[in-house]
Visitor: 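Quick one: this structure, given as structure tokens, is what I'll be asking you about.
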Number of protein chains: 2
Amino acid sequence: MIYRAVRKVSTAVRPGKKRASGPAQDSREEILAVATQEFAQRGLSGARVDEIAARTRTSKRMIYYYFSGKEGLYRAVLERVYSEIRQVESQLDLDGLAPQAAIARIVELTFDYDESHPEFITLVNVENINRGKSIGKLSSVHKRYAHILSVMARVLERGVASGVFRPDVTPIDVRLVIAALCYFRVSNRYTFGALFDCNLAEPAVRARHRRMIVDAVQRFLKV
Amino acid sequence: MIYRAVRKVSTAVRPGKKRASGPAQDSREEILAVATQEFAQRGLSGARVDEIAARTRTSKRMIYYYFSGKEGLYRAVLERVYSEIRQVESQLDLDGLAPQAAIARIVELTFDYDESHPEFITLVNVENINRGKSIGKLSSVHKRYAHILSVMARVLERGVASGVFRPDVTPIDVRLVIAALCYFRVSNRYTFGALFDCNLAEPAVRARHRRMIVDAVQRFLKV
DNA sequence: GTTCATATTAACTAACAAGTGCGTTCACAG
DNA sequence: CTGTGAACGCACTTGTTAGTTAATATGAAC
């Protein structure tokens, strides 16, 4: 009863194209949001479809209706988180910046995104444990990342041309170094924390590492 | 019938202390080896106790006999892989080397170990998805890692004293940078490979990255 | 107001997977 | 021999879990 009212409101707020696709989209989105949490928290085989359903306002049957199964739901979740980070990264505007400053911006964006989206990191981990079986099937992911590499390539070229960057690293190399340094802190926070008895999430440590990683990448690129 | 014969042979080869503990140890070890593979391949909740049992020469009942459950088995597997890498790392002898060379050796060891033990990397990933619930309970892990940090600290001190290393990085920082760069290539090989359409396992790429990471860490430490 | 596609619910099932009860075998001590 | 305890296998229980069946509601369009 109550949720009907809610859904009518949301239909009014966001009208569908033809028919009342508002409620449907809400259900879809709600399922995806809950599933993202659940898959990130428990992994692919650890996540429970019933649990996901219970935590939405819809039913389990709807998950099968929209996503045709656990696998399909997982794939949709992956696609969603990758499309979000792609969008964030594509908003970078580096053209006015000097090469070193541009690199700093890229590192800071990556660092901040990873730190504030641990569920994204975990999902990527899940997919790697899964041997990339699902990401390979996502047509949307593949092409878009070429764009990011080309942005990186332009920055590197400018840096090399002005004599501040060395010429023997590829965009993929730089991307790997940046990703590795930012990703690991979040990805391995539990094991690294336990092994070395430290808390990487502490604000002071985090801020210091942010500066440190920016610096490390700049040193890496210096002639 | 056949396996009895096999076990008698192995008993003869490796006699137990009092009773015939040879076969027992063999069973334990065999279970652990299979379970390591299985947990690394399918994750904690994805691994099947029945499957592990089927792939050993013993039965499922023995897994419960020795490890008291899936959880206990997983913990034993974690302990085993961590103790192995600890052993490898403790064999490092750096005292004769100049600081930069010592750092190079540490990086190369980490790189080579990670590359040749992807199942270790995956298990660490699994444990992080698991929020470190098990590694916290492993008393054996915690203390031993202090030793590795102290080795690192000595190298850094020597480097700082001789003016080749900057003084503002801690052993944990260096450890983090090295681990991140080596770990990520293996941990994220599937997603990174799919996104950027490259194969990090290719020998040429691997060799180049090995040199590149050694160089990156040395640049990171340079005054 | 009938039609039709979309959206939704409740109850069901078939398979699976963790964990156990219980009996057996084996080596050796007495 | 025989008693004992560790090492082992078989078959079972019990709860869970992905996925389904079938019936129904909704609302736009005609």
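Proteins come first, then strands; the chains are lettered A, B, ... in the order of their sequence lines, and each starts at number 1.
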Visitor: List for me each residue that meets ring-ring contact (aromatic ring centres under 6.0 Å, His included) alongside A:F196, sequence neighbours excluded, and say none if there are none.
Guide: A:F192, B:Y145
Visitor: Just by distance, no angles: are the side chains of B:R80 and B:T36 close enough, under 3.5 Å, to form a donor-acceptor pair?
Guide: yes
Visitor: For A:T170, what residues pass the side-chain contact (heavy atoms from CB on, under 4.5 Å) criterion, not counting sequence neighbours?
Guide: A:I172, A:D173, B:R208
Visitor: Which nucleotides of nucleotides 15-22 of chain C have their base under 4.0 Å from a protein heavy atom (B), which only their sugar-phosphate (S), and which neither (-), written as one string 5' to 3'?
Guide: --SBBBBB
Visitor: For B:R55, give me all partners under side-chain contact (heavy atoms from CB on, under 4.5 Å), at least two apart in sequence or on another chain.
Guide: B:V34, B:Q37, B:E38, B:E51
Visitor: Taking only N and O in the side chain of A:S59, is any of them less than 4.0 Å away from OP1 or OP2 of C:dT9?
Guide: yes
Visitor: Could you give the CE-to-P distance, from A:M62 to D:dT20, as a whole number of Å?
Guide: 15 Å
Visitor: I need the CZ-P distance between B:R57 and D:dG9, as an integer number of Å.
Guide: 10 Å
Visitor: Would you mind reading off the distance between A:Y74 atom OH and D:dA18 atom C1', rounded to a whole angstrom?
Guide: 18 Å
Visitor: Can you sort out the partners of B:A35 under side-chain contact (heavy atoms from CB on, under 4.5 Å), two or more places apart, ordered by chain and number?
Guide: B:F39, B:I52, B:L73, B:V77
Visitor: With the side chain of A:T58 defined as its heavy atoms from C-beta on, choose the nearest nucleotide among C:dT9, D:dC8, C:dT6.
Guide: C:dT9
Visitor: The criterion is ring-ring contact (aromatic ring centres under 6.0 Å, His included); which residues satisfy it with B:F111, sequence neighbours excluded?
Guide: none
Visitor: Quick one: is B:Y65 getting a side-chain N or O under 4.0 Å of the D:dG9 phosphate, OP1 or OP2?
Guide: no
Visitor: How bent is the helix from C:dG1-D:dC30 to C:dG30-D:dC1, comparing axes over its five end pairs at each side, to the nearest 10°?
Guide: 10°
Visitor: Donor-acceptor pairs under 3.5 Å, side chain of residues 115-123 of chain B to any protein atom, not counting sequence neighbours: which ones?
Guide:
from   : atom 1 : to     : atom 2 : distance (Å)
B:E115 : OE1    : B:R185 : NH1    : 3.4
B:E115 : OE1    : B:R206 : NE     : 3.1
B:E115 : OE2    : B:R185 : NH1    : 2.2
B:S116 : OG     : B:D112 : O      : 2.7
B:S116 : OG     : B:Y113 : O      : 3.3
B:H117 : ND1    : B:Y113 : O      : 3.0
B:T122 : OG1    : B:P118 : O      : 2.8

Visitor: Give a yes/no on whether any side-chain N or O of B:S27 is located under 4.0 angstrom from OP1 or OP2 of D:dC8.
Guide: yes
Visitor: Tell me, please, which residues at least two apart from A:T110 pass side-chain hydrogen bond (donor to acceptor under 3.5 Å, both in side chains).
Guide: none
